[in-house]
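Below: one structure, written as structure tokens.
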Amino acid sequence: MADEIATAEPSTTTNTETLDKVVIRFAGDSGDGMQVAGSRFTDASALFGNDLATLPSFPAEIRAPAGTLPGVSSFQVQIADFDILTAGDSPDCLVAMNPAALKKNLKDLQQGGTLVLNTDAFDERNLAKAGYETDPLEDGTLDGYRVIKVPMDDLTKEAVKDTGVSGRSVLRSKNFFALGLLAWLFHRPTQPTIDWAQKKFARTPEVAAANVAAFQAGYTFGEATEAAKITFEIKPAALRPGTYTNVNGNTALAWGLIAASKLSGLPLFYGTYPITPASDILHELARHKNFGVRTFQAEDEIAGVGSAIGAAFAGSLAVTGSSGPGIALKSEAISLAFTMELPLIVINVQRGGPSTGLPTKPEQSDLLFSLYGRHGESPIPVLAIASPSDAFELTIEAARIAIKYMTPVLLLSDNQVANGSEPWMLPDVNALESIDVQFAEHPNGPNGTFLPYMRDIDTFARPWAVPGTAGLEHRIGGLEKEAITGNVSYDPANHQLMTDSRAWKVANIVNDIPDLEVAGDEDAELLVLGWGSTFGSIRAAARRVRLAGGKVATLHLRHLNPMPQNLGEILHRYEKILIPELNTGQLRKVIRAEFLVDAKGLNKVAGEPFKISEITEKIEEMTK
Amino acid sequence: MTAPSYTRADFQTDQEVRWCPGCGDYTILASVQQFLAGLGRPREEFVFVSGIGCAARFPYYMNTFGMHSIHGRAPAIASGIVASRPDLSVWVITGDGDALSIGGNHLIHALRRNVDMKILLFNNQIYGLTKGQYSPTSEAGKTTKSSPYGSIDYPFNPVSLALGAEATFVARTLDMDRNHTQGLLQAAYEHEGSAFIEIYQNCNVFNDKAFIQLTGKEERVHNRIDLEMGKPIVFDGGAKAVVMRDGQATVVDSSTVDPKAILVHDPTRPDPAIAFALSRLSHGPYGPTPLGIFRDVSRPTYEGQMHAQIDAAKEKNGEGDLARLIASQGTWTVKDPSSNGG
Ligand code: SF4
């Protein structure tokens with residue numbers, strides 16, 4: 001099906017410029033449907049064959065007051081004819097559906113960039129709400145941009161008048177008008193959007209018809225009025241051959257959990273409490289009950305992890321998920337799972353903190369909390385997802401470690417990974433390695449006794465003996481356990497032994513972690529080290545530096561505990577080390593402490609990802 | 001396979017029981033072990049989950065599967081066990097601090113969801129393990145280490161609380177009365193869904209004789225109101241009776257009322273109002289207090305519905321297919337430029 005997508009016919013009277021990449025931002029009131037417009041534009045581009053990356057941004061309030069700055073919602077997408085790594089620094093094209101959207105986003109638009117404005121929204125009231133004293137359409141504010149002024153309310157009303165929608169529904173199709181206009185401006189295929197609208201609104205045919213009509217009207221408006229002198233085309237990217245889908249991190253993570261359930265043959269149990277930005281994992285999983293998925297929307301965060309611990313004891317692939325504040329509430333229970341040595345996956349989709357912080361913005365400020373944020377000596381494995389398409393594989397990896405080593409595993413994501421999307425080359429599911437599960441079946445001690453803390457000599461894992469298995473009745477708990485028997489023990493030497501055993505077991509996971517490979521110039525003076533969602537920005541910045549003739553090496557950590565075996569050796573090979581992080585320097589602190597290297601930081605907590613330019617500037621400064 | 005024949009000893013472990021001598025917990029342990037032995041159900045099918053407190057040591061002494069977890073969370077943990085393995089018999093052992101203070105939220109939600117777990121709340125009206133602070137069921141004004149001027153906390157009535165939390169099975173018994181306890185264990189075991197039993201448990205170290213009105217030789221005949229299905233509620237050797245008056249359960253002299261006006265006990269009434277009224281006859285074991293089953297109604301269980309939804313989804317959409325799932329949002333294919341295919 002995907003092969004037959006038709007390209008839009010290029011307009012004959014306007015000039016077409018071919019670009020290798022373009023960054024577009026849709027901005028409007030949170031009720032204006034900008035997320036839909038952005039994701040439709042993205043999907044059409046994906047089906048057309050561009051590489052792409054997206055970055056949605058929405059207000060924390062569900063319905064902030066209409067027309068105000070806090071109510072602005074936006075969606076940025078970069079499309080390209082080569083493999084890009086981020087959603088781009090600053091847009092080449094901005095769609096602003098009202099004055100507030102213009103005010104909030106104009107500063108980011110490239111000089112000379114294209115601005116699409118809904119002039120109908122620029123009335124006195126909206127200008128005042130956005131804090132404009134004079135009309136930016138008139139006062140010179142927009143000088144230096146290519147401005148396309150469109151009375152979108154009127155044109156949308158006209159377009160949908162015969163479709164049967166009425167009242168407030170009429171203007172809801174405005175986003176499709178804007179989308180149609182951009183489809184014309186950027187030579188996007190139209191059919192995927194039309195097909196999508198018809199399928200999505202199949203139950204309300206009048207809404208489907210209105211959206212399609214508005215979309216086509218937007219397209220025709222561009223063509224007929226030659227709304228811009230130049231239109232742009234971006235050729236398909238030469239991605240690696242394969243079948244692709246466009247996926248965001250939360251969805252890919254949920255699919256990774258389902259895959260791990262299949263690969264291990266264990267039923268998936270997800271115990272959780274709704275929280276932004278992790279809830280979409282619950283929503284996705286709850287849809288797939290035919291995979292045997294059990295979702296449990298608990299009464300609170302603690303019950304979310306508690307139920308998962310119970311499920312793990314009972315032999316499920318047990319998972320709990322949340323974001324920073326929720327993980328704090330789960331902390332005591334995670335230590336319990338750690339000392340009971342039960343397999344458990346704990347997902348933290350990080351957001352801006354502390355406390356409620358910036359619930360809808362990305363930040364990487366829970367690293368130290370993940371590594372150390374539990375009482376007692378409780379080191380647990382920590383993994384961090386690098387990009388939306390990395391989520392599937394790393395989630396399966398988390399399950400594999402949890403089960404093999406009988407331990408909770410912390411899987412870190414963040415708002416940028418969770419809601420951002422990119423093309424993902426679909427893996428061959430039949431080629432995925434199965435996850436070996438060995439439930440204890442027989443007593444392992446003398447005289448038919450069962451010893452729940454008798455460790456495996458290779459992995460140091462204890463046996464997983466699930467209720468219902470005759471002869472394996474045993475008790476586990478939070479009190480310190482005697483080595484081997486698991487009986488309660490207050491013996492000092494035993495506590496030392498058990499503390500060391502648990503730590504050694506987790507440290508030993510390093511044997512399963514592949515060696516790191518340096519990307520870029522191996523012989524550079526500077527190594528840029530990253531973890532989590534900064535992957536794309538760091539790689540893109542390094543590429544830019546190298547294109548300009550500079551030398552730089554990069555390295556990315558997905559395993560934060562234990563860290564790959566050859567990390568120290570690599571770090572010591574470089575004269576200078578830079579660690580960009582969306583926090584105040586958490587990985588840097590760990591690297592300096594563990595490896596005694598003088599790593600420098602580039603740190604930012606502004607509720608947004610790094611701009612590539614911020615990293616390139618720092619690299620240039622350090623390599624001058 | 002024939003049912004295993006067990007004695008109480010089969011449910012004992014080799015671990016030394018570490019409650020204070022004379023503690024009511026010993027009696028409850030014996031009742032539970034004896035009851036389970038009598039069921040003849042394979043030992044490995046039982047799971048005991050507890051939180052923190054004196055009562056929470058209980059699983060260590062039961063030769064079944066067990067977990068001594070963290071404070072207050074046992075109902076949440078048990079929910080995960082039941083949802084994963086509805087075939088098991090899952091029991092929660094908790095205390096008044098564990099269930100009603102730190103774990104109050106989990107208790108009420110497990111009850112409202114009707115997850116098939118049997119919750120035994122050992123109520124001694126005191127914090128024992130932390131050595132004697134007032135608990136959420138201690139009487140107002142109680143003088144303890146943490147309330148030298150008397151507690152200003154108004155106590156919970158656990159039975160009222162459970163009824164208010166939409167529990168489908170609510171009962172109350174006494175540690176000392178092993179027959180009564182075992183009768184309720186049997187009824188709870190047979191009940192499909194969550195069952196809540198408040199067990200008055202004497203802490204002879206920090207709150208001795210808290211239940212003397214119900215256990216003392218002299219006192220108990222006057223104060224113990226036995227609730228029995230289908231029987232008029234009378235006590236004190238027939239001298240006293242319970243009637244409904246102005247929407248309230250009220251104790252009257254039997255001689256002063258028409259026998260037909262005496263409330264006949266029926267825990268299966270769909271509406272919990274009368275069960276609740278009975279729970280308000282006393283706000284603690286300080287005078288005439290009902291024992292027995294307050295409520296026993298049937299409602300679909302949480303795990304039953306969860307698995308029914310899973311089965312229905314498999315029936316409708318077929319067993320999940322991973323390859324189809326990951327391609328479900330639309331795909332496109334990039335062809336190998338070296339091949340002639342495209
Ligand atoms: S402190 Fe009280 S409840 Fe705890 S074991 Fe001693 S007597 Fe029993």
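What's counted below: heavy atoms across the whole structure, side chains too, no hydrogens, waters or symmetry copies. To find a chain, count down the sequence lines: A is the first, B the second, and so on, and within it residues start at 1.
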Backbone N/O of [Y] and side chain of [X]: donor-acceptor pair under 3.5 Å:
X        : Y        : result
A:Lys289 : B:His307 : no
A:Asn290 : B:Gly318 : yes
A:Thr245 : B:Gly330 : yes

Any side-chain heavy-atom pair of [X] and [Y] under 4.5 Å:
X        : Y        : answer
A:Val488 : B:Arg57  : no
B:His106 : A:Asp300 : yes
B:Tyr60  : A:Leu479 : yes
B:Ile77  : A:Phe313 : no
A:Arg294 : B:Ile310 : yes

**Study point:** Per-residue contacts, residues 250-257 of chain A versus chain B, heavy atoms under 4.5 Å
**Key:**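 A:Thr251, A:Trp255, listed by number.
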Practice item. With a 4.5 Å heavy-atom cut-off (strictly below), which parts of residues 336-344 of chain A touch chain B? List them by number. Key: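 Within residues 336-344 of chain A, the residues under 4.5 Å from chain B are A:Leu336, A:Met340, A:Leu342.
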Pick whichever of [options] has the most heavy-atom pairs under 4.5 Å with chain A.
options                             : answer
B:Asn63, B:Val49, B:Ile108          : B:Asn63
B:Gly72, B:Ser50, B:Ser84, B:Pro75  : B:Ser84
B:His68, B:His71, B:Met306, B:Arg85 : B:His68
B:Gln309, B:Lys316, B:Glu45         : B:Gln309

Side chain, backbone, both or neither: which part of [X] has an atom under 4.5 Å from a heavy atom of chain B?
X        : answer
A:Phe296 : both
A:Ala308 : neither
A:Pro423 : both
A:Val305 : neither
A:Pro467 : both
A:Trp424 : side chain
A:His474 : both

Exercise for review: Establish, from distance only, whether the side-chain atoms of A:Asn487 and B:Gln15 form a donor-acceptor pair under 3.5 Å.
Suggested key: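 There is such a pair (donor and acceptor under 3.5 Å, judged by atom type) between the side chains of A:Asn487 and B:Gln15.
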Measuring heavy-atom distances to chain A, does [X] have an atom under 4.5 Å in its side chain, in its backbone, in both, or in neither?
X        : result
B:Leu325 : both
B:Asp87  : neither
B:Phe48  : neither
B:Arg18  : side chain

Quick check on [X]: does its [atom1] atom have over 12 non-hydrogen neighbours (other residues, nucleotides or ligands) under 6.0 Å away?
X        : atom1 : answer
A:Tyr273 : OH    : no
A:Glu393 : CD    : no
A:Gln198 : CD    : yes
B:Lys314 : NZ    : yes

State the [atom1]-[atom2] distance between [X] and [Y], to the nearest 0.5 angstrom.
X        : Y        : atom1 : atom2 : value
B:Arg73  : A:Ser307 : CZ    : OG    : 12.5 Å
B:Leu322 : A:Phe291 : CG    : CZ    : 6.0 Å
A:Glu473 : B:Phe11  : CD    : CZ    : 8.5 Å
A:Ile302 : B:Asn105 : CD1   : CG    : 8.5 Å
B:Trp332 : A:Leu426 : CH2   : CG    : 9.0 Å

**Study point:** Residues A:Glu299 and B:Arg113 bridged, charged N to O under 4.0 Å
**Key:**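 Counted as a salt bridge, because a side-chain N and a carboxylate O are separated by less than 4.0 Å.
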Closest non-hydrogen atom pair between [X] and [Y], with its separation:
X        : Y        : answer
A:Thr243 : B:Thr333 : OG1-OG1, 3.5 Å
A:Ala470 : B:Glu44  : CB-OE2, 3.3 Å
A:Phe269 : B:Ala83  : CE1-CB, 3.8 Å

